[in-house]
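For reference, the structure discussed in these notes is given below.
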Amino acid sequence: MRKLLIFGCDGQVGSALVSLLAPRDDVQVTALDIGEVDLTDDAATAAAVLDNAPDWVINTSAHTAVDRAESEIELAHQLNAVAPAVIAQACAQCGAAMVHYSTDYVFDGDAGRPYVESDTPNPRSVYGRTKLDGEQAVAAALERHVILRTAWVYSPGGKNFVNTMLNLAADRDELRVVKDQFGSPTLAEDLARVTLDIVDQVESGGVASPWGITHATGSGVTNWAEFAAAILETAGVDGVRVTPIPGSEYPTPAPRPAYSVLSNDRLHDLFGLALPPWRDSLARCLAQR
Ligand SMILES: NC(=O)c1ccc[n+]([C@@H]2O[C@H](COP(=O)([O-])OP(=O)(O)OC[C@H]3O[C@@H](n4cnc5c(N)ncnc54)[C@H](OP(=O)(O)O)[C@@H]3O)[C@@H](O)[C@H]2O)c1
């Protein structure tokens, strides 16, 4: 039976992975979060991998609070760069392969066209910079790694833009939302499904060279204001107006890329996979909420 170890199992993507894996009897899952192993403890992190001796580690844990990372630089570096390196080194030691996640925020957003995997990153925030460090550390430590760069992740229960908009709409009649930052909303469950499809394909020997970075986001492009309007409309919220505003009217500690759309061509060409259009996934998420 295949052994799989998940870090970050209480997070958006981690909990989606655990749910999708629950009915499967061909996979033995060990699911860990901060309650079991604190990823600021390098020795405990390495021991968790080595003691479990899994076939695959899927690391969904991260410091994902993009604005807080600007003032929590050391913690962001530890969780986004050091811990993935420790996990990858332990994987190399025990012969495991690894799936790791990164972000559209490794790019500066100035290209004005979808980024491909070979584009040069130029992060503008601590979050983006530490995630890029994590990518490079994983790649340096472990040949058999898949890094999925994703974006704008949401889920029915997590801390995310969808739930923030719905909570704000409960006691306001206007939401002022940024219109000039473009990206691709990604439902955690869709990303989890694609992750497990990739693991299954690699295990069955179906892909000659699966290793390296692959972009994986929901299909289609939107901006935060259009996304907010779609959330309210799909959830059936009446009487709340979305007013599109320029990003300059909503300054944040961490600068955001203007256009951080990722091309999913490699995901399609290499693995034959695609995530659904973002509006379809949004409707599914809201139906589950
Ligand atoms: N969310 C997005 O919009 C987004 C966009 C692009 C890329 N990504 C990447 O996608 C991956 C999955 O994101 P996600 O949204 O599923 O993340 P998430 O919901 O924030 O989950 C991350 C998990 O890591 C845990 N964690 C935090 N500090 C820890 C520590 N010291 N030790 C052990 N675990 C710790 C968190 O616990 P607590 O909740 O208790 O802190 C949480 O359960 C990450 O690599 C992220 O960088 C996410």
Side-chain angles (χ1 to χ4, degrees), residues 5-20 31-46 48-49 57-69 72 74-84 86-88 98-107 109 115 121 123 125-135 137-138 145-164 181 183-192 194-195 213-218 224 227 254 256-257 260-262 275 278 281 285:
L5 173 62
I6 299 172
F7 286 105
C9 68
D10 297 336
Q12 300 195 89
V13 179
S15 57
L17 283 166
V18 170
S19 299
L20 289 174
L32 308 174
D33 208 290
I34 191 166
E36 293 74 39
V37 177
D38 187 332
L39 295 179
T40 60
D41 181 339
D42 294 346
T45 303
V49 178
V57 173
I58 305 183
N59 177 37
T60 70
S61 68
H63 189 304
T64 55
V66 175
D67 288 320
R68 240 181 34 226
E72 295 180 354
E74 266 182 44
L75 183 61
H77 177 70
Q78 172 66 32
L79 296 178
N80 293 343
V82 177
V86 170
I87 293 168
M98 177 176 177
V99 179
H100 180 65
Y101 298 89
S102 189
T103 172
D104 54 334
Y105 288 4
V106 299
F107 294 115
Y115 286 96
S125 59
V126 169
Y127 174 71
R129 211 160 51 238
T130 55
K131 292 295 290 182
L132 177 61
D133 290 344
E135 289 182 1
V138 167
H145 69 274
V146 173
I147 295 171
L148 297 176
R149 279 198 195 126
T150 191
W152 296 26
V153 176
Y154 66 97
S155 60
K159 280 173 273 176
N160 57 57
F161 184 79
V162 173
N163 289 328
T164 299
Q181 292 162 11
S184 304
T186 304
L187 179 60
E189 183 192 318
D190 294 339
L191 184 60
V194 154
T195 302
I213 297 171
T214 297
H215 293 170
T217 66
W224 292 115
F227 190 27
R256 302 296 200 272
S260 58
V261 176
L262 303 180
L275 279 71
W278 68 265
S281 295
C285 172

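Start at 1 and go down the list; that is how both ligands and their atoms are numbered. All residue numbers in this chain count up from 1 along the given sequence.
- Looking at Y127, W152, Y154, Y105 and measuring to atom 8 (N) of ligand 1, the nearest heavy atom belongs to Y127.
- Listed by chain and number, the residues in a ring pair (Phe, Tyr, Trp, His ring centres under 6.0 Å) with W224 are W152, F161 (sequence neighbours excluded).
- Within the structure, the closest approach of L32 to ligand 1 does not fall below 4.0 Å when heavy atoms are considered.
- Counting only non-hydrogen atoms, the option in N160, V153, I147, V66 that gets closest to atom 2 (C) of ligand 1 is V153.
- Residue contact check for ligand 1: S102 places a non-hydrogen atom closer than 4.0 Å to it.
- For ligand 1, one of its N or O atoms has an N or O atom of D38 under 3.5 Å away.
- Evaluation of the side chain to side chain donor-acceptor pair (under 3.5 Å) rule for N80 yields T130 as partners, not counting sequence neighbours.
- For atom 28 (N) of ligand 1, the protein comes within 4.0 Å by at least one heavy atom.
- Under the 4.0 angstrom criterion, atom 38 (P) of ligand 1 counts as lacking any protein heavy-atom contact.
- Taking 4.0 Å as the cut-off between side-chain N and carboxylate O, R256 and D67 count as a salt-bridged pair.
- At least one heavy atom of A151 sits less than 4.0 Å from an atom of ligand 1.
- The heavy atom nearest to atom 12 (C) of ligand 1, considering only D41, T60, L39, N80, is found in T60.
- Comparing I34, L75, T64, T130 by heavy-atom distance to atom 35 (C) of ligand 1, the nearest is I34.
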